[in-house]
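Quick notes on the structure that follows.
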Amino acid sequence: MNLPFDPIERAHDNWTRRWGASPAMAAVTSLMRAQQILIGELDGALKPFGLTFARYEALVLLTFSASGSLPLGKIGERLMVHPTSVTNTIDRLENQGMVSRLPNPSDGRGVLAEVTDAGREVTEEATQALLGMDFGLGCYSDEELWDLHQVFTRLRVDFGDFPEPVVGVAEDR
């Protein structure tokens with residue numbers, strides 16, 4: 001955009017005059033703009049592979065599973081998205097030949113999504129592209145990135161995504 005001023009600062013100045021200072025308003029507006037920027041950058045990097053970031057995440061999740069397959073409900077749970085979004089994502093990946101659907105042997109009515117060889121190959125190639133651009137966060141040091149992660153971990157714990165991590169337990173990074 002290359003604006004001559006920060007529109008979020010300007011909005012906060014106006015906000016302050018009307019309702020009083022709100023660091024939370026400035027922070028959430030900055031966060032939402034950062035999300036827009038990152039999704040644009042990530043989706044742009046993944047476009048040559050026929051992927052969006054949402055489809056990439058599903059492929060990565062499937063490649064991480066021991067069998068290469070997961071029930072659709074488990075995919076939604078792990079990616080923290082609505083079942084309709086999972087169905088849409090898997091439909092698109094299946095149409096692209098990156099995922100296939102199979103009956104779930106442990107649940108007669110359930111369906112598994114299984115990553116195909118083509119899906120595994122594109123996941124590897126797309127991952128290299130994302131790593132090459134530092135997932136759009138190359139302007140930060142590793143220390144700053146871990147700090148960001150910890151800041152958002154607190155928010156996610158507060159909203160019930162998972163229990164608070166035990167302090168002092170060794171972490172694998």
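Numbering starts at 1 and runs along the sequence shown. Since the structure is predicted, the reported quantities are computational estimates derived from the model, not experimental observations.
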Just so I know, are the side chains of [X] and [Y] near enough to count as touching, which here means a heavy-atom distance under 4.5 Å?
{"X": "Leu112", "Y": "Pro105", "answer": "yes"}
{"X": "Arg55", "Y": "Met98", "answer": "no"}
{"X": "Phe53", "Y": "Leu130", "answer": "yes"}

query: Going by the salt bridge (charged side-chain N to carboxylate O under 4.0 Å, His left out) test, which pairs reach into residues 93-122, not counting sequence neighbours?
result: Asp91-Arg101, Glu94-Arg101

Looking only at heavy atoms, what is the nearest atom pair of [X] and [Y], with distance?
{"X": "Gly76", "Y": "Val86", "result": "CA-CG2, 3.3 Å"}
{"X": "Ser22", "Y": "His12", "result": "N-NE2, 3.0 Å"}
{"X": "Thr16", "Y": "Ala21", "result": "OG1-CA, 3.5 Å"}
{"X": "Thr89", "Y": "Ala58", "result": "CG2-CB, 3.8 Å"}
{"X": "Val157", "Y": "Pro165", "result": "CG2-CD, 4.0 Å"}
{"X": "Leu42", "Y": "Gly136", "result": "CD2-N, 4.5 Å"}

Using a 6.0 Å cut-off, check whether atom [atom1] of [X] has over 12 heavy atoms from anything other than its own residue.
{"X": "Glu164", "atom1": "CD", "result": "no"}
{"X": "Phe162", "atom1": "CZ", "result": "yes"}
{"X": "Glu41", "atom1": "CD", "result": "no"}
{"X": "Met133", "atom1": "CE", "result": "yes"}

query: Could you go step by step and tell me if Arg156 and Thr153 meet the side-chain contact (heavy atoms from CB on, under 4.5 Å) rule?
result: CA-CA 5 Å; Arg156 294 170 52 229; Thr153 295; 4.2 Å; yes

May I ask whether [X] and [Y] are part of the same hydrophobic cluster, defined by side-chain heavy atoms of I, L, V, M, F, W, Y residues being less than 4.5 angstrom apart, directly or through others?
{"X": "Leu38", "Y": "Leu31", "value": "yes"}
{"X": "Phe152", "Y": "Met80", "value": "no"}
{"X": "Leu51", "Y": "Leu131", "value": "yes"}

- request: Without swapping roles, check the side chain of Thr29 against the backbone of Ala26 for a donor-acceptor pair under 3.5 Å.
  value: no

task: Determine yes or no for a side-chain-to-main-chain donor-acceptor pair under 3.5 angstrom, with Gln96 supplying the side chain and Gly50 the backbone.
output: yes

query: Parallel, tilted or perpendicular: which fits the ring planes of Phe135 and Tyr56, with parallel below 30° and perpendicular above 60°?
result: tilted

- prompt: Between CZ of Phe64 and CG of Leu70, what distance do you get to the nearest 0.5 Å?
  reply: 12.0 Å

- request: Sequence neighbours left out, what pairs pass ring-ring contact (aromatic ring centres under 6.0 Å, His included) with at least one residue falling in residues 17-41?
  value: Trp15-Trp19

- request: Before giving the answer on side-chain contact (heavy atoms from CB on, under 4.5 Å), spell out for Leu93 and Thr116 the whole-Å C-alpha distance, their side-chain angles and the decisive distance to 0.1 Å.
  value: CA-CA 10 Å; Leu93 289 169; Thr116 64; over 6 Å; no

task: Determine, stepwise, if the pair Arg92 / Asn95 fulfils side chain to side chain donor-acceptor pair (under 3.5 Å).
output: CA-CA 5 Å; Arg92 290 177 184 266; Asn95 290 337; over 6 Å; no

statement: For Ile8, the hydrophobic cluster (side chain heavy atoms closer than 4.5 Å, chained through members) also holds none

task: Mind running side-chain contact (heavy atoms from CB on, under 4.5 Å) on Ile75 and Leu62 for me, showing each step along the way?
output: CA-CA 8 Å; Ile75 293 170; Leu62 290 171; 4.0 Å; yes

